[in-house]
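No hydrogens, no waters, no symmetry mates; every other heavy atom, side chains included, goes into these values. Reminder, nothing fancy here: chain letters follow the sequence lines and each chain counts from 1.
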Amino acid sequence: MSELTQTDTTITTSQDITMMFRLEAVKKSYLQKGRTVHALNGVDLEIPAGQLVAIQGPTGGGKSTMLQMLGALDRPTSGTVSVGGKAISTLGDGALADIRAHDIGFVFQHYNLIPTLSAQENVEMGLAPLKLPAEERAMRAAAALASVGLVERATHLPGELSGGQQQRVAIARALAKNPKALLADEPTGNLDEATRDEIMELFVQLWREGLTIVMVTHDSAVAARAQRRLRIKDGKITEQV
Amino acid sequence: MFIRYLRRELSGRRKQTAIIAAAMALAIALVIIVNALSAGVRDAQSSALESVYGLGTDITVTSTPTAPTAGRAPGGARFEFDGDAGSTGNDGTQEVSQSLLSTARGSATFDSDAVKTISSTEGVAAASGVLSLTNSTFDGELPQRSAMGDNAQAPGASGVAPPEGGGMGGGGQFDVNSFTVMGVDSAADAIGPLTTATLQDGRLLTADDAGKNNVVLDAAYATTEELKLADKLDIGGTKFTVVGIVAGSGADAESASNTYIPLDVAQKLSDSADKISTVYVQAASASAIAAVKSDLQTALPDNAVNTQEDLASTVSGSLSTASGLVSSLGTWLSIAVLAVAFLLAILLTLSGVSRRTREFGTLKAIGWRNSSIVRQVAGESVVQSVLGGILGVIVGLVGIVIINVFSPTLTAAAATTGAGGPGGMGGPGGMPGAATAVTSAASNAVNVVLNLPITPTVIILAVAISIAGGLLAGVLGGWRAARLRPAEALRSVA
């Protein structure tokens with residue numbers, strides 16, 4: 001897939017490297033309570049496939065907006081955002097939904113599981129847009145749950161699972177579709193230290209298997225595990241060494 | 001996945017499902033009951049009209065009603081005895097027996113050529129003329145003429161006589177009886193008063209009976225008078241042979257009579273040659289009724305032409321009240337409850353969508369298209385409403401069964417519009433006199449048992465309404481969910 005050489009802190013890129021995300025002069029403004037908020041203010045960024053990136057910064061600095069641009073959840077006000085080589089600015093809602101369905105896996109701080117569905121069914125919800133046969137969908141969901149160590153809990157409702165287990169279900173939901181990139185918004189924000197470490201170990205393992213992971217975090221301990229650390233403040237992004 | 005998700009959502013949100021389903025059930029049940037009531041009242045009205053005016057009759061043509069003139073009203077019998085009438089007894093009283101056939105009180109006649117005119121009118125399928133008559137019999141003793149003077153008038157000359165009885169006065173004693181006689185076109189079998197009757201014994205009148213003294217009796221009258229087939233009955237001083245007994249659709253109905261005789265015989269005996277009192281008209285089709293009415297009004301300007309619709313407005317009594325209630329209060333109540341149910345379904349669905357902002361934002365984030373989300377919300381809403389619809393159908397049907405078990409009876413009274421009504425019975429005289437006038441009182445009240453029909457149409461309508469309600473709420477809710485931009489949906493719950 002790529003010729004990215006993974007080390008803990010350095011990356012080597014070449015012309016052959018597949019660029020997962022590319023942002024050029026991206027600005028994003030939106031109205032909030034009658035006031036225009038400039039969430040991103042001319043961001044240029046490239047994230048090659050296979051990187052584990054942590055984005056940090058103060059609240060309101062533009063971290064979540066950045067993640068939404070990368071996840072094809074929103075279009076930039078100006079500039080270009082490419083996801084897997086596709087410029088999302090000109091794509092319609094349906095095409096953006098297709099990118100999210102096939103290429104992007106999302107993990108949220110609050111897990112965002114559907115409370116009335118079991119762990120297995122929640123994972124299958126992530127596969128629904130792929131229109132797979134029911135058997136294949138169930139099989140892939142079960143495999144994803146197994147990969148996060150939750151086979152035993154497949155029939156449990158989210159309310160019957162711990163926070164860490166719920167986050168694992170959310171990760172399984174994101175992984176079941178075999179995405180090109182995993183985007184995580186404060187994935188350990190609601191977890192205790194031990195569970196946080198378990199989740200981070202899982203992320204690192206997935207990254208080592210070749211998955212591109214971009215996570216927004218306040219937690220420096222989590223950011224420290226990333227291969228690359230970015231800081232976003234006042235809509236501007238800076239690289240942290 | 002769609003079904004599983006839908007099932008889980010509905011069972012997981014039981015309270016909202018129950019509220020929407022209950023509201024829809026109430027509305028549907030009300031719609032079903034009001035609809036059935038409306039159909040029941042319509043049937044009852046139709047049944048009442050059939051009883052009153054004859055089955056299959058679209059239009060009736062009668063003489064234009066005129067205000068009664070001072071003095072004696074038209075129709076009715078007036079007995080006049082001269083000195084040679086009857087025999088004189090030892091005590092000097094005069095024994096008399098006289099039977100008179102005259103046009104029914106309140107009934108006016110017109111030329112029977114009208115039937116030909118009507119039959120030849122475009123759009124008329126059948127027409128049949130009848131002559132409503134009253135037969136009055138005076139039987140008894142009168143006091144000596146010297147005590148009364150010539151042509152003295154008997155009691156009751158200008159009043160309504162009691163049904164039956166004897167009278168005493170100045171040594172006289174007599175009975176006055178009357179019954180209704182209807183001259184019918186024995187050749188017409190498609191339309192007319194006898195088409196509503198059920199043959200109990202013997203036969204109906206046929207074309208061969210024209211000019212013959214044959215009579216068909218109403219079953220109730222035959223029982224009262226203890227008459228059976230082949231018995232003789234005196235009508236207008238002529239002996240008639242009973243050839244058939246029918247059970248009328250209502251003894252009090254306007255088209256019903258105690259006896260039915262051939263029209264030509266009736267005309268001859270009542271000195272009403274070529275006269276009829278009502279023409280029953282059947283239009284070729286329901287859509288032709290208005291045009292036929294208009295043509296008949298032009299062709300017969302001196303007659304009153306009434307359609308069933310006109311006649312329906314003459315029906316009064318509790319049936320009319322029920323009809324008014326159903327058409328006004330019932331309809332508005334169903335519309336109001338239906339509107340509330342729809343509104344409730346829409347508001348609860350919209351509020352559900354608001355509460356599920358994170359869920360829908362998440363679904364969008366993981367790749368669900370707007371159309372899938374709209375389908376999901378609409379599906380949930382339709383199922384909730386259909387559940388309510390099914391419950392409503394059950395409640396509605398139970399309501400209909402309960403109403404039918406109680407079988408409320410409604411009365412319908414039809415105002416006469418110049419058509420001849422059945423004559424009442426002559427009452428007892430009491431005053432001495434040599435002549436008496438018998439009046440009759442028309443009684444057209446019909447009791448109709450209200451029976452609410454259960455039709456598949458109503459059930460289909462109810463289910464269609466519930467689906468429509470669910471779809472409306474679901475599409476609005478889905479549209480709202482689809483409008484949520486995923487980024488905002490996630491931001492709003494972050």
Item to check | Proximity breakdown for A:Asp103 and chain B, heavy-atom pairs closer than 4.5 Å | outcome: neither
Checklist outcome for this item: So, the part of B:Tyr5 with a heavy atom under 4.5 Å from chain A: the answer is both
Next on the checklist: Between B:Glu9 and chain A, with a heavy-atom cut-off of 4.5 Å, which part of the residue counts as in contact: side chain, backbone, both or neither?
Outcome noted: both
Item to check | Side-chain heavy-atom pair A:Thr116, B:Glu359 within 4.5 angstrom cut-off | outcome: no
Checklist outcome for this item: When rounded to the nearest 0.5 Å, the distance separating CZ of B:Arg358 from OH of A:Tyr111 is 10.0 Å
Item to check | Heavy-atom donor-acceptor pair, B:Arg369 side chain to A:Ala97 backbone, under 3.5 Å | outcome: no
Checklist outcome for this item: In terms of heavy-atom contacts, A:Glu124 and B:Arg4 come closest through OE1-NH2, 3.5 Å
Next on the checklist: Taking CD in A:Glu160 as the centre, count heavy atoms belonging to other residues, nucleotides or ligands within less than 6.0 Å. Is the count above 12?
Outcome noted: yes
Next on the checklist: Testing the basics here: between B:Ile366 and A:Met125, what is the closest heavy-atom pair and its distance to 0.1 Å?
Outcome noted: CD1-O, 3.7 Å
Next on the checklist: So for A:Ile114, is it side chain, backbone, both, or neither that comes closer than 4.5 Å to the heavy atoms of chain B?
Outcome noted: side chain
